[in-house]
Amino acid sequence: MQQSASTLDHPRAVPAASWSVDAILALFELPFPELLYRAQTVHRAHFAPDRVQLSRLLSIKTGGCPEDCAYCPQSARYQTGVQNQALLRLQEVVDAATKAKEGGATRFCMGAAWRGPKERDLEPVLEMVRAVKALGMETCATLGMLRPGQADRLRDAGLDYYNHNLDTSSDFYGEIVSTREYEDRLDTLRQVRGAGINVCCGGIVGMGESRRQRAGLIAQLASLDPHPESVPINNLVQVEGTPLHGTDALDPLEFVRTIAVARVTMPKSWVRLSAGRSGMSDAVQALCFMAGANSIFCGEKLLTTGNPDMDSDRALLARLGMKAVET
Ligand code: SAM
Ligand code: DTB
Ligand code: SF4
């Protein structure tokens, strides 16, 4: 069995099937019906095909980020009109989580525009995690790179998931981010896994990468051992002022293929149809579910950009005869 150099080294790790970039590229190149058939077959072996998990995002600290991620409206380097907002107060977070739970979300994900949490930032976030957990929701945080010991403290506070994306393939990464290395991302993922926190890790497509580079991203994700429990696949949300604004949009069917390839290569992971849904037709979203997506972000806002509101998602799921996962 081929193991990639970046395979996570953790005692709970079980050997995963190995996928080379070429093998994944070959999946991308299958006739569309064949690829969807394979993805459906894998999906149905592990999940009910009519169920969707709902996660809700909240930006707990917005804008003014020192990093230079070319897609991100929250980088201090780009003029995007995003209003900077210091860390929210605990009660604001609890109120948002309560509302999210009432709306049917089972997981609440707190995002901060940091390179990584400073020591003085972590304590208030731990309180937020404790409070959201106490509401009976799954907790998730995405705070940037973690330093040794920080993941353990998040786990002890009750953090169920940590989101940290690889974003793209290692050979395209340098075009997108210069302020941190790919290896830094893998290191944070090791710390999360090492603390026993579930890993939420995916990427963004539609950033001008090639199909081979999309295959490279999926290969890297599928080489994580064990696979991430959640795999968010984001379609770039183009925000004016960011360097990637004006990039040629990805063919929606190529987005569906990316979802299908993620499903085939990571059979037991929750694959999330993530950012970019506002720009997608209902029919494309339905194809994503057919391709094995079984999770979405719900509610009218992601972190700083828009997302379909709960009413339109309820209507879409009803039209498709699909149901939200409860707890
Ligand atoms: N600052 C932390 C970090 O970068 O790890 C956490 C928040 S950051 C906004 C979380 C993720 O959101 C990024 O890794 C990226 O994958 C995704 N993201 C940010 N801007 C996006 C955009 N315009 N379109 C799609 N996904 C985006
Ligand atoms: C993920 O993969 N996508 C989410 C979440 N993890 C943190 C973020 C999407 C952000 C889209 C742009 C914005 O709203 O600022
Ligand atoms: Fe900062 Fe995260 Fe945005 Fe990068 S993706 S600029 S680290 S908030």
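All residue numbers in this chain count up from 1 along the given sequence. Order of appearance sets the numbers: ligands from 1, and atoms from 1 within every ligand.
At under 3.5 Å, not a single nitrogen or oxygen of Arg185, backbone or side chain, sits near a nitrogen or oxygen of ligand 1. At under 3.5 Å, a nitrogen or oxygen of Trp114, whether backbone or side chain, sits near a nitrogen or oxygen of ligand 1. Considering backbone and side-chain N/O atoms, Asn165 comes within less than 3.5 Å of an N/O atom of ligand 1. The shortest N or O to N or O distance between Ser274 and ligand 2 is not below 3.5 Å.
Heavy atoms from both the backbone and the side chain of Leu303 come within less than 4.0 Å of ligand 2. Residue contacts with ligand 1, taken as heavy atom pairs separated by less than 4.0 Å, involve Asp167 solely via side-chain atoms from C-beta onward. Under 4.0 angstrom from ligand 1, there are no non-hydrogen atoms of Glu67. Of the heavy atoms in Ala112, only backbone atoms (N, CA, C, O) come closer than 4.0 Å to ligand 1.
The contact set between ligand 1 and His164, taken as ligand atoms under 4.0 Å from a residue heavy atom, comprises 5 (O). Of all atoms in ligand 3, listed by their number and element, those nearer than 4.0 Å to a heavy atom of Tyr71 are 5 (S). Per-residue contacts place Cys72 under 4.0 angstrom from the following atoms of ligand 3 (heavy atoms of the residue considered): 3 (Fe), 5 (S), 6 (S), 8 (S). Interface of Pro232 with ligand 2, defined as ligand atoms under 4.0 Å from a residue heavy atom, comprises 2 (O). Less than 4.0 angstrom separates some heavy atom of Leu302 from each of these atoms of ligand 2: 14 (O). Set against the non-hydrogen atoms of Leu57, the atoms of ligand 2 under 4.0 Å away are 4 (C), 5 (C), 7 (C). When each atom of ligand 3 is checked for a heavy atom of Cys69 under 4.0 Å away, the hits are 4 (Fe), 5 (S), 6 (S), 7 (S). Annotation for ligand 3: atoms under 4.0 Å from non-hydrogen atoms of Ala113 are 8 (S). Of all the atoms in ligand 2, the ones that sit under 4.0 Å from a non-hydrogen atom of Thr142 are 7 (C).
Judged by distance alone, with hydrogens and angles left aside, the side-chain atoms of Arg147 form a donor-acceptor pair with the main-chain N or O of Pro117 at under 3.5 Å. A donor-acceptor contact shorter than 3.5 Å links the side chain of Thr139 to the backbone of Gly158. Between the side chain of Thr188 and the backbone N or O of Arg185 there is no donor-acceptor pair closer than 3.5 Å.
Closest protein heavy atom to atom 5 (O) of ligand 1: Gly144 CA, 3.5 Å. Closest to atom 9 (C) of ligand 1, if we only count protein heavy atoms, is Leu303 CD1, 3.5 Å. In this structure, the protein non-hydrogen atom closest to atom 24 (N) of ligand 1 is Val237 N, 3.0 Å. The protein non-hydrogen atom at the shortest distance from atom 4 (C) of ligand 2 is Phe297 CE1, 3.6 Å. For atom 10 (C) of ligand 1, the closest heavy atom belonging to the protein is Thr142 OG1, 4.0 Å. Of the protein's non-hydrogen atoms, Cys65 SG, 2.3 Å is the one closest to atom 1 (Fe) of ligand 3. Looking from atom 26 (N) of ligand 1 to the surrounding protein, the closest heavy atom is Ile204 CD1, 3.6 Å. Looking from atom 20 (N) of ligand 1 to the surrounding protein, the closest heavy atom is Tyr71 CD1, 3.3 Å.
Within 6.0 Å of atom CZ in Phe32, more than 12 heavy atoms from other residues, nucleotides or ligands are found, so the atom counts as buried in its surroundings. Surrounding CG of Asp22 are more than 12 heavy atoms belonging to other residues, nucleotides or ligands, all under 6.0 Å away. Environment of CD in Glu181: sparse, with no more than 12 heavy atoms of neighbouring residues, nucleotides or ligands closer than 6.0 Å. In Glu34, the CD atom is crowded: over 12 heavy atoms of neighbouring residues, nucleotides or ligands sit closer than 6.0 Å. Within a 6.0 Å sphere centred on CE of Met290, heavy atoms belonging to other residues, nucleotides or ligands number 12 at most.
From Arg120, atom CZ reaches atom CG of Leu122 across 12.0 Å, with rounding to the nearest 0.5 Å.
Side-chain contact check for Glu119 and Gln150: at least one donor-acceptor pair (N or O, by modelled atom type) lies under 3.5 Å. Defined by atom type and a distance below 3.5 Å, a donor-acceptor pair is missing between the side-chain atoms of Arg107 and Ser295. When only modelled atom types and interatomic distance are considered, Asp95 and Thr98 share no side-chain donor-acceptor pair under 3.5 Å. Side chains of Thr168 and Gln213: a donor-acceptor N/O pair is absent below 3.5 angstrom, by distance only.
Residue contact annotation: Pro73 has a non-hydrogen atom under 4.0 Å from ligand 2. Using a 4.0 Å heavy-atom cutoff, Val237 is absent from the residues neighbouring ligand 2. Under a 4.0 Å heavy-atom criterion, Tyr71 is not in contact with ligand 2. Proximity of Val239 to ligand 1 is not established, as no heavy-atom distance is less than 4.0 Å.
Comparing heavy-atom distances from atom 15 (O) of ligand 2 across Thr304, Val231, Thr305, Asn234 singles out Thr304 as nearest. Compare Arg180, Arg115, Gln74 by their heavy atoms: the one nearest to atom 7 (S) of ligand 3 is in Arg180. Among Ile204, Val239, Asn163, Thr242, the residue whose heavy atom sits closest to atom 7 (C) of ligand 2 is Asn163.
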Criterion side chain to side chain donor-acceptor pair (under 3.5 Å) on Asn234 and Tyr71, from CA distance to verdict: CA-CA 11 Å; Asn234 297 278; Tyr71 49 76; over 6 Å; no
For Phe289 and Ile296, what are the C-alpha separation, side-chain angles and deciding distance, and is it a side chain to side chain contact (heavy atoms under 4.5 Å, CB included)? CA-CA 10 Å; Phe289 295 132; Ile296 53 173; 4.0 Å; yes
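Salt bridge present: Glu183 and Arg190 bring a charged side-chain N and a carboxylate O closer than 4.0 Å.
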